[in-house]
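Numbers restart at 1 for each chain; the letters A, B, ... are given by sequence-line order, proteins then strands. Keep in mind it's a predicted model, so treat the numbers as computed, not measured.
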Amino acid sequence: AQRVTQPEKLLSVFKGAPVELKCNYSYSGSPELFWYVQYSRQRLQLLLRHISRESIKGFTADLNKGETSFHLKKPFAQEEDSAMYYCALRDDKIIFGKGTRLHILP
Amino acid sequence: SQTIHQWPATLVQPVGSPLSLECTVEGTSNPNLYWYRQAAGRGLQLLFYSVGIGQISSEVPQNLSASRPQDRQFILSSKKLLLSDSGFYLCAWSLTGFSGANVLTFGAGSRLTVL
């Protein structure tokens with residue numbers, strides 16, 4: 001069965017330091033993967049999707065089929081990046097990991 | 001433009017009482033519709049999804065049910081609430097077809113407290 005694993009519940013990073021939020025998946029086919037973000041008092045929203053291969057707010061994520069990973073990265077963290085981040089996978093439905101709370105320290 | 005509405009935003013109900021949470025989408029037709037429950041430490045749990053009127057897929061056995069009486073209306077219900085039903089419920093929609101498909105747009109959520 002398909003599964004999305006985000007091993008870290010909380011990640012604290014100093015401002016200006018690199019950020020990496022881990023996501024691993026299990027899926028038998030060719031996956032379609034996403035990162036969603038929820039800022040304080042805002043709705044959950046799409047951050048990026050792997051098929052777009054784009055950088056959003058300085059974040060990128062590369063699909064590594066060999067390692068079944070889709071880690072989210074940003075070279076220099078900013079305080080406004082503090083939020084809850086969810087990795088998601090689409091099969092015939094869309095399932096999410098448990099999420100990682102990113103806390104940027106000043 | 002497309003919008004999604006959820007109500008009520010907050011609900012406090014006694015154990016054993018019924019539940020009805022509503023979700024409507026505007027500005028699109030034939031969307032895929034989803035109900036998720038968001039809980040601390042448990043992430044986003046998919047409860048139900050629907051690809052069309054009257055078509056409901058249930059992901060988690062529980063005392064909740066969902067219905068889609070109209071194309072852009074999705075309702076989450078229970079006949080008798082349990083304490084464990086407390087949580088934050090999110091409705092979401094996505095397009096069908098290739099363009100923009102599979103990208104979820106979420107509602108603001110409904111916080112349910114069962115006492």
Checklist entry - Which answer fits B/Gln38, side chain, backbone, both or neither, if we ask what part of it has an atom under 4.5 Å from a heavy atom of chain A? => result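 B/Gln38 touches chain A through side-chain heavy atoms alone.
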Interface moiety of B/Leu104 toward chain A, non-hydrogen atoms closer than 4.5 Å: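 For B/Leu104, the contact with chain A is made by backbone and side chain together.
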message = Would you compute the distance between atom CD of B/Gln6 and atom CZ of B/Phe106 and round it to the nearest 0.5 angstrom?
response =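 B/Gln6 CD to B/Phe106 CZ: 10.0 Å, rounded to 0.5 Å.
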Sequence neighbours left out, what pairs pass side-chain hydrogen bond (donor to acceptor under 3.5 Å, both in side chains) with at least one residue falling in residues 9-25 of chain B?
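Passing the test, one end in residues 9-25 of chain B: B/Gln13-B/Ser17, B/Glu22-B/Gln73.
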Q. Top residue by heavy-atom pair count (under 4.5 Å) with chain B, among A/Leu46, A/Ile95, A/Val4, A/Ile94?
A.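 Counting heavy-atom pairs under 4.5 Å, the top option is A/Ile94.
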I'd like to know which of A/Arg43, A/Gln42, A/Lys9, A/Lys98 tops the heavy-atom pair count under 4.5 Å against chain B.
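Of the candidates given, the most pairs with chain B belong to A/Arg43.
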Parallel, tilted or perpendicular: which describes the rings of B/Tyr34 and B/Tyr36, with under 30° parallel and over 60° perpendicular?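 Ring orientation of B/Tyr34 relative to B/Tyr36: parallel.
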Restricting to salt bridge (charged side-chain N to carboxylate O under 4.0 Å, His left out), what partner residues turn up for A/Lys73, sequence neighbours left out?
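A/Lys73 satisfies salt bridge (charged side-chain N to carboxylate O under 4.0 Å, His left out) with A/Glu20 only.
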> Less than 4.5 Å apart, any side-chain heavy atom of A/Gln38 and any of A/Gln45?
Replying inline: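 A side-chain contact is absent here, since even the closest heavy-atom pair is not under 4.5 Å.
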### Query
Do you know which of B/Ala92, B/Gly109, B/Gly43 has the most heavy-atom pairs with chain A at a distance under 4.5 angstrom?
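Option with the top pair count is B/Gly43.
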